[in-house]
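First the structure, in the form of structure tokens, and then the observations on it.
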Amino acid sequence: MRPSPPLIPVANPAAQLESHGILVREAIERFLASGQYILGPEVKTLEKEFAAFLGASFCIGVANGTDALALALRATGISPGDEVITVSHSAVASVAGIEQINAVPVFADIDPASRCLNPAVIERLLSPKTKAIVVVHIYGQPAAMDEIVSIARRHGLKVVEDCAQAHGAELHGRKVGTWGDAAAFSFYPTKNLGAFGDGGAVVTNLAEVAEQIRILREYGWKERYISSIAGFNSRLDELQAAVLRTKLPSLAGDNVRRREIATAYCEAIDPAKLTPPKAVPGTLHAMHLFVVESVERAALRDFMRAAGVGTALHYPQPIHLQPAYAGRIRGGNDLRETESLYRQILTLPMFPELTDDQVETVCDALRRWCSAS
Ligand SMILES: Cc1ncc(COP(=O)(O)O)c(C=O)c1O
């Protein structure tokens, strides 16, 4: 029996390396020759360039996106025991970042159209301990930041955006990451802007928050070796910053290509047979992940595999049903939309280096599934 060809992967960071190969190798040479390996000139320049890309005042490079969330919360004044409203339909990191500073997550349900936090449920979750909201722009879809920020302001809550999946996404022409008090980005290799290792950043328009993060990311040092407050070790490497700087100029174009691929997939889908991501007015999707919904998910997954198309689940279980969190997080018993969505979601291949032939293979499989079902 002939071995079947490899499936089209859902993500492919190696293809990014291929497409940026020469520039990445030049950046690595520059890094090797520099003699500075952590928090040096590459990090400083990346911070300026990424802030400029977003239209934000400050960017501070840190070790990963989970730390970025923890640091953003700490620097905006969230303390142990404070409650932070967020969603269960996310990567577990959204909650891990909250618990890293001993704050207390509280779960809010999602809006089924955007699959992001539903602003309409926030007020019924408030308690005297509520101090912040972590808003996740899941899959690259901007959440309703205008409504969420105005509710937060009414109740004196801080807003931290989890932009790990949404580099370059926009709401009403303004980039996500610039709406709240601070925002966390991940540069995990598969992200829209990915390093070749771990990396992250906090972005803010507030000078005092930026200053706090700079201090907190390195042991609370204001002055070298003297901790003014108890901090973290969450530094970004020069190597990762150098790689990210070579890729940043392509991010906007890569996102355009992602959206083109999404348009092709949507055109191939009959929405009566398979639910594509919904278009949310006023938003520009970063298309980190292309996620469809089907009540026949297992069969669809098998069908795709037979057609040579890889799939994944983001995520197989919402956070409140995972063993580490089940039954212990307030709000977890009232997540109807979250619980109905997760059983139906399926992630299809989505990365800018997908060839036209690969896109056509996915489209052909989608058309065949929709006409047969
Ligand atoms: C929504 C979300 N938040 C936070 C993170 C955390 O990022 P990192 O893996 O860099 O810690 C990720 C990435 O895995 C993510 O997808």
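Here the structure is a predicted model, which is why all the values come from computation and not from measurement. Scope of the values below: all heavy atoms of this structure, side chains included, with no hydrogens, waters or symmetry mates. We count ligands from 1, going down the list as the structure has it; atoms in each ligand are counted the same way. Numbers here are sequence positions counted from 1.
The cationic group of K48 does not satisfy the cation-pi geometry with F58, failing either the under 6.0 Å distance to the six-membered ring centre or the 45° limit from the ring axis.
Counting non-hydrogen atoms of other residues, nucleotides and ligands closer than 6.0 Å to CZ of R154 gives a total above 12.
The distance criterion of under 3.5 Å between nitrogen or oxygen atoms is not met by V136 with respect to ligand 1. Checked by distance only, ligand 1 and T66 come closer than 3.5 Å through their nitrogen or oxygen atoms.
At the top of the distance list for atom 9 (O) of ligand 1, counting protein heavy atoms only, stands S186 OG, 4.1 Å. The protein non-hydrogen atom at the shortest distance from atom 2 (C) of ligand 1 is A164 CB, 3.4 Å. Looking at atom 3 (N) of ligand 1, its nearest protein heavy atom turns out to be D162 OD2, 2.7 Å.
Residues that satisfy the ring-ring contact (aromatic ring centres under 6.0 Å, His included) test with F31, not counting sequence neighbours, are Y37.
Ring centroids of F185 and F50 are separated by less than 6.0 Å, placing the two rings close together. Residues Y342 and H89 keep their aromatic ring centres 6.0 Å or farther apart.
Counting atoms of ligand 1 from 1 in the listed order, those under 4.0 Å from a heavy atom of N64 are 10 (O), 11 (O). For ligand 1 and Q165, the ligand atoms under 4.0 Å from any heavy atom of the residue are 1 (C), 16 (O). Atoms of ligand 1 found under 4.0 Å from any heavy atom of S90, numbered from 1 in the order shown, are 1 (C). Close contacts of ligand 1 with K191, meaning ligand atoms under 4.0 Å from a residue heavy atom, involve 12 (C), 13 (C), 14 (O), 15 (C), 16 (O). Residue A93 approaches ligand 1 through these ligand atoms, each under 4.0 Å from one of its heavy atoms: 4 (C), 5 (C), 6 (C).
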Next on the checklist: Working note: F107 + Y325, criterion ring-ring contact (aromatic ring centres under 6.0 Å, His included); need CA distance, chi angles, decisive distance, verdict.
Outcome noted: CA-CA 11 Å; F107 284 133; Y325 303 97; 7.6 Å; no
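Summarising the geometry, atom OG1 belonging to T178 is positioned 9.0 Å from atom CD belonging to E170; distances are rounded to the nearest 0.5 Å.
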